[in-house]
Amino acid sequence: MSVKIRSRNGKLILDIHYGEGKRTRPSTGLKDTVKNRKLLESDVIPTIIYEINKGIYLPKAERVAVVQTVKDYGELSFKRHVNDRRKHVQASYKNHFKNHIVPKFGKRLISTITSMQLLDWQNEKLEKFTAGTVRKA
């Protein structure tokens, strides 16, 4: 069992050996930068190793998830929905995202955030803001 980071065409891929001689090399979709390598080493690889050791690892071909930070996903979502929302609504959503979500979860991978962490974050926000404001954030 091993998980290594490799680069192909400027993108990072994972070289994963698991089970009895099985191998997969999924692309992460991330550019080959020091920051992204550290992100993979600290968040993604430990999760994969844990899943392999527990016998619950599924190769990327059987997954639907893509490695992505909360900030990257949010920015992509705003681009995709720019024509679905009125300008002032889009601006309000961006403002809430930038001020409330990015500081807490922006650099985290979506797959590493648990429901308990979200619940704790919501409870923190409810101490300062109304329930309506927290639902928007």
Side-chain angles (χ1 to χ4, degrees):
M1 172 208 53
S2 69
V3 181
K4 296 181 181 169
I5 301 171
R6 305 218 187 272
S7 181
R8 184 186 319 148
N9 299 327
K11 299 284 184 180
L12 293 174
I13 63 168
L14 297 175
D15 190 357
I16 305 168
H17 293 266
Y18 66 101
E20 295 182 21
K22 295 180 182 178
R23 180 183 188 193
T24 183
R25 289 174 288 186
S27 173
T28 63
L30 300 172
K31 290 181 181 177
D32 187 358
T33 65
V34 172
K35 177 183 168 188
N36 287 337
R37 282 180 179 267
K38 286 181 182 178
L39 182 69
L40 291 175
E41 289 170 356
S42 65
D43 287 346
V44 177
I45 292 176
T47 302
I48 292 171
I49 290 172
Y50 172 80
E51 289 176 355
I52 290 171
N53 288 333
K54 286 289 195 179
I56 57 173
Y57 174 73
L58 292 174
K60 187 175 179 188
E62 298 176 30
R63 295 182 190 224
V64 183
V66 174
V67 176
Q68 208 165 26
T69 64
V70 171
K71 184 178 179 188
D72 292 341
Y73 182 80
E75 290 170 356
L76 179 63
S77 178
F78 288 126
K79 286 179 186 174
R80 287 186 177 164
H81 293 283
V82 71
N83 294 320
D84 299 340
R85 300 176 183 133
R86 292 187 290 179
K87 281 186 178 184
H88 75 279
V89 173
Q90 182 82 337
S92 176
Y93 285 178
K94 281 184 179 181
N95 204 19
H96 281 288
F97 181 73
K98 182 181 89 177
N99 294 328
H100 299 285
I101 296 171
V102 171
K104 181 74 173 184
F105 299 108
K107 295 180 182 177
R108 302 264 316 265
L109 295 176
I110 293 171
S111 60
T112 64
I113 300 171
T114 66
S115 58
M116 293 305 289
Q117 290 168 334
L118 289 173
L119 186 59
D120 290 343
W121 173 75
Q122 284 178 326
N123 287 334
E124 284 175 25
K125 291 295 179 185
L126 284 170
E127 292 175 6
K128 298 177 184 176
F129 303 101
T130 66
T133 301
V134 173
R135 276 194 300 272
K136 289 179 189 176

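Sequential numbering from 1 along the given sequence is applied to the chain's residues.
Between Val44 and Leu39 there is no side-chain heavy-atom pair separated by less than 4.5 Å.
Heavy-atom minimum distance, Phe105 versus Gln117: CZ-O, 4.1 Å. In terms of heavy atoms, Gly74 sits closest to Phe97 at CA-CZ, 3.6 Å. Nearest heavy-atom pair, Asp84 versus Arg80, reported as atom, atom and distance to 0.1 Å: OD2-O, 4.1 Å. Closest approach of Leu109 and Thr112 over heavy atoms only: O-OG1, 2.7 Å. Across Phe78 and Arg85, no two heavy atoms sit closer than the pair CD2-NH1, 3.8 Å. Taking each heavy atom of Arg37 and Ser7 in turn, the nearest pair found is NH2-CB, 4.0 Å.
Exactly one of Lys4, Arg8, Arg6 qualifies for a side-chain contact (heavy atoms from CB on, under 4.5 Å) with Arg25. That residue is Arg8.
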Test side-chain contact (heavy atoms from CB on, under 4.5 Å) applied to Val3 and Tyr18, step by step: CA-CA 9 Å; Val3 181; Tyr18 66 101; over 6 Å; no
Leu14/Ile5 under side-chain contact (heavy atoms from CB on, under 4.5 Å): CA gap, chis, key distance, verdict: CA-CA 5 Å; Leu14 297 175; Ile5 301 171; 4.0 Å; yes
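Note that the NZ atom of Lys22 and the CD1 atom of Ile16 stand 13.5 Å from one another [nearest 0.5 Å]. Taking NZ of Lys107 as the reference point, atom NZ of Lys38 lies at 11.5 Å (rounded to 0.5 Å). Between Ile45 atom CD1 and Ser2 atom OG the span is 10.0 Å, to the nearest 0.5 Å. A distance of 10.5 Å separates NZ in Lys71 from NZ in Lys98, rounded to the nearest 0.5 Å. Here CG of Asp72 is found 7.5 Å from CG of Leu30. Values are rounded to the nearest 0.5 Å. Separation of atoms CG (Leu40) and CG (Leu12) is listed at 5.5 Å; rounding is to 0.5 Å.
Put simply, Ile48 and Tyr50 are part of two different groups of oily side chains (I, L, V, M, F, W, Y) that touch within less than 4.5 Å, one to the next. With hydrophobic clusters built from ILVMFWY side chains whose heavy atoms lie under 4.5 angstrom apart, Val89 does not share a cluster with Leu76.
Salt-bridge check for Asp15 with Arg23: passed, with a basic side-chain N closer than 4.0 Å to an acidic carboxylate O.
When the shell of 6.0 Å around CG of Asn123 is examined, it contains more than 12 heavy atoms from other residues, nucleotides or ligands. The local environment of CZ in Phe129 is crowded, with over 12 non-hydrogen atoms from other residues, nucleotides or ligands closer than 6.0 Å.
Every residue was checked against the ring pair (Phe, Tyr, Trp, His ring centres under 6.0 Å) condition with Tyr73, not counting sequence neighbours, and none meets it. Applying the side-chain contact (heavy atoms from CB on, under 4.5 Å) rule to Ser115 yields no partners; only residues at least two apart in sequence or on another chain are considered.
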